[in-house]
Protein chains: 2
Amino acid sequence: MTDLAAASPLAPARPASSEPPLGFVLVDAARLYRARIDRAFEGAGLGLTAGEARTLAYVDFHPGLRQSALAEKMNVEPMTLVGFLDRLEAAGLVTRETDPRDRRAKIVTLTPEATPHLAGVLTAAATARREATCGFSEAEQALLRDLLLRLRDNLAREHRSRDEK
Amino acid sequence: MTDLAAASPLAPARPASSEPPLGFVLVDAARLYRARIDRAFEGAGLGLTAGEARTLAYVDFHPGLRQSALAEKMNVEPMTLVGFLDRLEAAGLVTRETDPRDRRAKIVTLTPEATPHLAGVLTAAATARREATCGFSEAEQALLRDLLLRLRDNLAREHRSRDEK
DNA sequence: CTTGATAGTAAGGTTATCTTATTATATATC
DNA sequence: GATATATAATAAGATAACCTTACTATCAAG
């Protein structure tokens with residue numbers, strides 16, 4: 001351990017309890033979580049990656065959105081979404097239909113075939129969640145979710161405001 | 001929204017408050033956080049990616065470890081660490097020295113040149129954290145960190161037990 | 001001194017993400 | 001209504017962060 005904090009008044013105040021800073025813990029946790037989810041998907045025989053599954057779930061929660069609006073909901077660039085939708089569409093799980101009010105835009109919806117896949121996704125996600133939150137009370141689980149939502153929205157807001165510059 | 005939950009008793013119980021399941025929120029939050037950190041690093045002129053910075057911080061917290069032990073601490077595969085160390089070593093920020101007690105193994109330590117980089121990393125991480133946890137009380141911030149640590153350790157334990165099979 | 005495990009690494013692959021440029025279409029302006 | 005500008009999706013191509021598998025050097029045990 002360097003003596004940085006002591007050596008320099010310019011060094012950031014290292015939060016006493018933060019051996020690994022919050023961001024590192026978050027990124028580590030997310031990597032493990034994603035790996036766990038990927039494995040669960042693989043085990044379930046859904047031919048879906050985590051990103052595709054996430055897209056499927058978002059379309060389910062927000063059906064009928066344009067791609068650009070969906071990308072914004074998901075906090076990814078439109079081009080990132082294109083890739084996910086290409087594969088989901090090729091698999092017959094979503095449709096892209098030209099918006100009659102603006103023929104540049106496309107409306108994304110789930111096909112009926114998506115239903116069992118979505119069920120598999122949610123089951124796998126629930127399994128991973130149960131494992132990840134082993135030992136958590138209901139309240140703790142809800143608390144974690146709410147804290148993460150607030151954190152995500154803080155960052156998303158900042159991210160967006162920097163885009164529209 | 002499909003009517004899955006109603007339609008099938010086999011469908012996972014969808015936690016009432018969980019529009020996006022916990023895992024999705026976590027993965028989204030982590031992506032935004034990492035992007036924010038990358039931007040902060042770029043802005044600070046450190047020629048480091050998030051993964052390299054994370055490695056640097058881990059070596060600072062756990063100096064003198066062998067690569068395999070360090071990889072385990074970081075919850076990545078040894079080969080993933082090799083890439084990070086290759087670049088950090090090329091940049092003159094870490095050294096890999098043969099362990100005299102086992103000449104297969106290498107001991108990783110920071111060089112003196114790493115000090116300012118590490119300071120930059122911690123400053124950037126602190127900035128990102130301040131932004132991400134805008135509106136959080138001290139207690140909430142600590143709570144989030146502890147919940148994430150527990151979650152990470154749950155997943156890491158599972159991950160490890162599956163390896164040694 | 002062989003035999004089998006272990007530490008690091010080379011080679012190569014995948015996923016998720018981005019940026020930049022292109023095309024079609026819409027909207028505003030003159 | 002012709003022209004300029006903005007927007008929606010996308011093609012092309014890059015990068016970071018992982019992983020798996022196979023090889024090499026070394027150790028440790030018989």
Side-chain angles (χ1 to χ4, degrees), chain A residues 24 27-39 41-42 47-55 58 65-72 74-90 94-108 159 162-164, chain B residues 24 26-28 30-39 41-42 47-55 58 65-72 74-90 94-108 159 162-164:
Chain A
F24 291 7
V27 168
D28 283 356
R31 173 165 27 76
L32 288 166
Y33 209 120
R34 189 184 309 215
R36 180 66 189 80
I37 285 183
D38 272 335
R39 229 172 350 94
F41 287 170
E42 204 172 322
L48 295 174
T49 66
E52 289 154 13
R54 201 152 42 84
T55 305
Y58 268 97
L65 285 187
R66 292 179 181 189
Q67 287 186 203
S68 53
L70 181 58
E72 184 162 333
M74 293 178 68
N75 291 301
V76 297
E77 298 304 311
M79 200 47 217
T80 301
L81 180 59
V82 166
F84 294 148
L85 289 179
D86 282 352
R87 281 166 286 176
L88 291 174
E89 194 178 33
V94 304
T95 55
R96 289 196 259 213
E97 284 162 7
T98 301
D99 184 341
R101 279 164 307 180
D102 184 341
R103 285 182 311 182
R104 288 169 305 181
K106 303 203 182 144
I107 301 290
V108 184
H159 194 259
R162 134 176 299 275
D163 266 4
E164 71 204 15
Chain B
F24 291 8
L26 177 61
V27 169
D28 283 357
R31 175 165 25 76
L32 288 166
Y33 210 119
R34 189 184 312 216
R36 179 67 189 78
I37 285 184
D38 272 335
R39 224 164 2 86
F41 287 170
E42 206 172 322
L48 295 174
T49 66
E52 289 154 14
R54 201 152 43 82
T55 304
Y58 268 97
L65 285 187
R66 292 179 180 190
Q67 288 187 203
S68 52
L70 181 57
E72 184 162 333
M74 293 178 67
N75 292 300
V76 298
E77 298 304 312
M79 201 45 219
T80 301
L81 181 58
V82 165
F84 293 149
L85 289 179
D86 282 351
R87 281 166 288 177
L88 290 174
E89 194 178 34
V94 304
T95 55
R96 291 195 258 212
E97 283 162 8
T98 301
D99 184 341
R101 279 164 307 182
D102 183 343
R103 284 183 312 184
R104 290 170 303 179
K106 303 204 181 142
I107 300 290
V108 184
H159 194 259
R162 136 174 300 276
D163 265 5
E164 71 203 17

**Prompt:** According to a strict under-4.0 Å criterion, is R31(A) in side-chain N/O contact with OP1 or OP2 of dC18(D)?
**Reply:** yes
To the nearest Å, how far apart are [X] [atom1] and [N] [atom2]?
X	N	atom1	atom2	value
R101(A)	dA8(D)	CZ	C1'	14 Å
E77(B)	dA16(D)	CD	P	21 Å
I107(A)	dA9(D)	CD1	C1'	13 Å
Y33(B)	dA17(D)	OH	P	16 Å
M79(B)	dT24(D)	CE	P	15 Å
E42(B)	dT15(D)	CD	P	13 Å
R34(A)	dC19(D)	CZ	C1'	14 Å
R36(A)	dC19(D)	CZ	P	16 Å

**Complete:** Result for 5'-nearest mapping on DNA chain D, choosing between P78(A) and R104(A), is R104(A)
Base, sugar-phosphate or nothing for [X]? Non-hydrogen atoms, less than 4.0 Å.
X	answer
A35(B)	nothing
R54(A)	sugar-phosphate
S68(A)	sugar-phosphate

**Prompt:** Is there a donor-acceptor pair under 3.5 Å between the side chain of E89(A) and the backbone N or O of D86(A)?
**Reply:** no
**Prompt:** side-chain contact (heavy atoms from CB on, under 4.5 Å) between K106(B) and D99(B): does it pass, once the steps are laid out?
**Reply:** CA-CA 5 Å; K106(B) 303 204 181 142; D99(B) 184 341; over 6 Å; no
**Complete:** Min and max contacting nt of DNA chain C in 5' to 3' order, chain A heavy atoms within under 4.0 angstrom, are dT15(C) to dA26(C)
**Asked** Got a second to check how far I107(A)'s CD1 is from T95(A)'s OG1, nearest 0.5 Å?
**Response** 9.5 Å
**Request:** Could you tell me the separation between the CD1 atom of I37(A) and the CZ atom of R34(A), rounded to the nearest 0.5 Å?
**Result:** 8.5 Å
**Fill in**
Residues R31(B) and M74(A): closest non-hydrogen pair is NH2-O, 3.6 Å
**Request:** Let me see the working for V108(B) and Y58(B) under side-chain contact (heavy atoms from CB on, under 4.5 Å), right down to the final yes or no.
**Result:** CA-CA 10 Å; V108(B) 184; Y58(B) 268 97; over 6 Å; no
**Message:** Heavy-atom nearest nucleotide on DNA chain C for T49(A) versus K106(B): which residue maps closer to 5'?
**Reply:** K106(B)
**Residue mapping more 5' on DNA chain C - nearest nucleotide basis, D102(A) or R87(A)** = R87(A)
**Asked** Out of dC27(D), dA17(D), dA9(D), which has the shortest distance to the side chain of R103(B)?
**Response** dC27(D)
**Prompt:** Between the side chains of D38(B) and Y33(B), does any donor sit under 3.5 Å from an acceptor?
**Reply:** no
